[in-house]
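So the structure is just underneath, and the comments pick up after that.
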Amino acid sequence: AYERTCRYFCRKSDSVVVCVEYRLAPEHPFPAQFEDCLTAAIHFLRTAQEHGVDPSRVAVCGDSSGGTLTAAVAQALVNRRDLPRLRAQILIYPFLQCVDLNLPSYQQNERIPILLKERTLALGMKYINMDLGLMNELFKGCHVSEDRRLKYQKWVSPDYIPQEFKKRGYKPSPTYLPSKAVCEVAEPMFDPVFSPLLAEDSVIAQLPETLILTCEFDVLRDDGLLYKKRLEDHGIKVTWCHLQEGFHGAV
């Protein structure tokens, strides 16, 4: 599905493109996919010159769940002093958090193909082998403990979404009490490898220059907007491309 896209990027950007065929869930559960991508990135950074590539000009890129993996790989590399620093990261409509599944974009685009709201969460839950019967509890936010809610509200909140993106029928969601049992089962969802938007400030502050592409008709639009804000708050240069008529999978 991606070969033609990768060839296009290669040709138009005059770049060497390495496409990682990482193992897939559910046969290979989380975090095997991240580990494969990180291993490939480290290997390429160490051997870039063998491929005619300047090691100081390597970027990582991915779309959708690949955007999640891209963000996680970039974060994992910030403290590696034995490797060249990444030149940039490119996140194309990435999934970045599961704290709030009722952000404006989730409400507005819940029935927009190809990534319906329920499908988004179902894929994430299958990724970490979680019971799909808990889906409604997650939509209510019952998987977020009070401690986590307090910590993450400074990074994940509808308050940080610009007003222009709330015009298509957004309503603040009611707050439900957390469930201890659901919180325990949902623990892996708060791992920054799964939800890169939840990485600590000390990691975010070291990330490379970033390009973020968002689409208006995409449940994940606001994940991109929130990550853009976090990066810019830490002085990271961000190029933001928003497709006003775009939908998830448009690239």
Side-chain angles (χ1 to χ4, degrees), residues 61-68 70-72 74 88-124 135 138-141 143-144 148-176 189-190 192 194-199 201 204 207 209-251:
C61 172
D63 78 309
S64 194
S65 58
T68 316
T70 296
Q89 60 174 343
I90 301 170
L91 312 179
I92 302 171
Y93 35 72
F95 171 93
L96 297 171
Q97 63 83 34
C98 64
V99 174
D100 190 341
L101 300 164
N102 288 294
L103 291 169
S105 61
Y106 268 100
Q107 289 189 23
Q108 296 160 344
N109 304 309
E110 62 179 339
R111 295 185 180 89
I112 303 289
I114 57 173
L115 198 60
L116 310 183
K117 178 177 176 176
E118 285 194 5
R119 177 177 169 81
T120 306
L121 186 52
L123 290 171
M135 187 177 289
L138 268 64
F139 280 134
K140 290 178 181 177
H143 62 305
V144 187
R148 281 205 162 107
R149 196 164 285 174
L150 286 171
K151 178 179 180 178
Y152 296 147
Q153 67 183 8
K154 61 187 176 183
W155 302 331
V156 183
S157 169
D159 296 342
Y160 302 135
I161 303 299
Q163 201 60 38
E164 65 193 272
F165 293 105
K166 297 178 181 177
K167 293 177 180 176
R168 285 195 294 119
Y170 165 68
K171 291 182 180 178
S173 300
T175 302
Y176 295 90
M189 289 188 150
F190 301 101
F194 185 91
S195 296
L197 186 54
L198 307 183
D201 287 338
I204 299 293
L207 287 169
E209 184 175 347
T210 303
L211 186 148
I212 298 176
L213 183 143
T214 55
C215 293
E216 179 60 28
F217 299 101
D218 180 7
V219 290
L220 301 182
R221 179 196 70 200
D222 294 349
D223 283 22
L225 296 177
L226 291 173
Y227 206 46
K228 171 180 179 287
K229 181 183 186 303
R230 274 206 79 191
L231 291 166
E232 290 176 336
D233 286 349
H234 286 277
I236 308 299
K237 183 180 178 183
V238 178
T239 300
W240 173 49
C241 175
H242 183 65
L243 304 183
Q244 193 61 48
E245 302 297 324
F247 55 90
H248 194 87
V251 168

Checklist entry - Which distance, rounded to the nearest 0.5 Å, do you find between the CH2 of W155 and the OG of S195? => result 11.5 Å
Checklist entry - Looking at residues at least two apart in the chain, or sitting in another chain, which of them share a salt bridge (charged side-chain N to carboxylate O under 4.0 Å, His left out) with E209? => result R87, K237
Checklist entry - When the ring planes of W240 and F165 are compared, do they come out parallel, tilted or perpendicular, using 30° and 60° as the limits? => result perpendicular
Checklist outcome for this item: Looking only at heavy atoms, the pair that brings L225 and P162 closest together is CD1-CD, 4.4 Å
Item to check | Check: D223 side chain, L96 main-chain N or O, donor-acceptor pair, under 3.5 Å | outcome: yes
Next on the checklist: Is any side-chain heavy atom of N109 closer than 4.5 Å to one of R168?
Outcome noted: yes
Checklist entry - Would you say T175 and R149 make side-chain contact, with heavy atoms under 4.5 Å? => result yes
Checklist entry - Under a 4.5 Å cut-off applied to non-hydrogen side-chain atoms, are V156 and L198 in contact? => result yes
Checklist entry - H143 side chain to C98 main-chain N or O, any donor-acceptor pair under 3.5 Å? => result yes
Checklist entry - Which residue, K229, K228, R230, forms the side-chain contact (heavy atoms from CB on, under 4.5 Å) with Y160? => result K229
Checklist outcome for this item: Correct closest heavy-atom pair for Q107 and S173 would be NE2-OG, 3.4 Å
Next on the checklist: Is there a side chain to side chain contact (heavy atoms under 4.5 Å, CB included) between L231 and I204? Walk through the geometry before answering.
Outcome noted: CA-CA 7 Å; L231 291 166; I204 299 293; 4.1 Å; yes
Checklist entry - Do V144 and Y176 touch side chain to side chain, with heavy atoms closer than 4.5 Å? => result no
Checklist entry - Counting only heavy atoms not in R119, do more than 12 fall under 6.0 Å of its CZ? => result no
Checklist entry - If only atom types and distance count, is the side chain of D100 paired as donor or acceptor with the main-chain N or O of S157 below 3.5 Å? => result no
Checklist entry - With no hydrogens and no angle check, is any side-chain donor or acceptor of T68 less than 3.5 Å from a backbone partner on F95? => result yes
Next on the checklist: Taking atom CD as the centre, does E118 end up with more than 12 heavy-atom neighbours from other residues, nucleotides or ligands that are less than 6.0 angstrom away?
Outcome noted: no
Checklist entry - L226 versus I161: any side-chain heavy-atom pair under 4.5 Å? => result yes
Next on the checklist: Whether the side chain of Y93 engages the backbone of V251 through a donor-acceptor N/O pair (distance < 3.5 Å, no angle test) should be reported.
Outcome noted: yes
Checklist entry - In Å and rounded to the nearest 0.5 Å, what is the CG to NE2 distance from L116 to H248? => result 11.0 Å
Next on the checklist: Measuring from atom CZ of R221 to atom CG of L213, what distance do you get when rounded to the nearest 0.5 angstrom?
Outcome noted: 13.5 Å
Checklist outcome for this item: One should read off an interatomic distance between I90 CD1 and C241 SG, to the nearest 0.5 angstrom, of 11.5 Å
Next on the checklist: Quick one, L115 and F247 - any side-chain contact, counting heavy atoms below 4.5 Å?
Outcome noted: no
Checklist entry - Step by step, would you call F190 with V99 a side chain to side chain contact (heavy atoms under 4.5 Å, CB included)? => result CA-CA 8 Å; F190 301 101; V99 174; 4.1 Å; yes
Item to check | Approximate separation, where rounding is to 0.5 Å, of C215 SG and I92 CD1 | outcome: 9.5 Å
Item to check | Polar side chain donor-acceptor pair, K117 to N102, under 3.5 angstrom | outcome: yes
Next on the checklist: With rounding to the nearest 0.5 angstrom, report the CG to CG distance, L103 to L220.
Outcome noted: 10.0 Å
Checklist entry - Any side-chain donor paired with an acceptor under 3.5 Å for T210 and Q89? => result yes
Checklist entry - How far apart are the C-alpha atoms of D222 and Y170, what are their side-chain angles, what is the distance that settles it, and do they pass the side chain to side chain contact (heavy atoms under 4.5 Å, CB included) test? => result CA-CA 12 Å; D222 294 349; Y170 165 68; over 6 Å; no
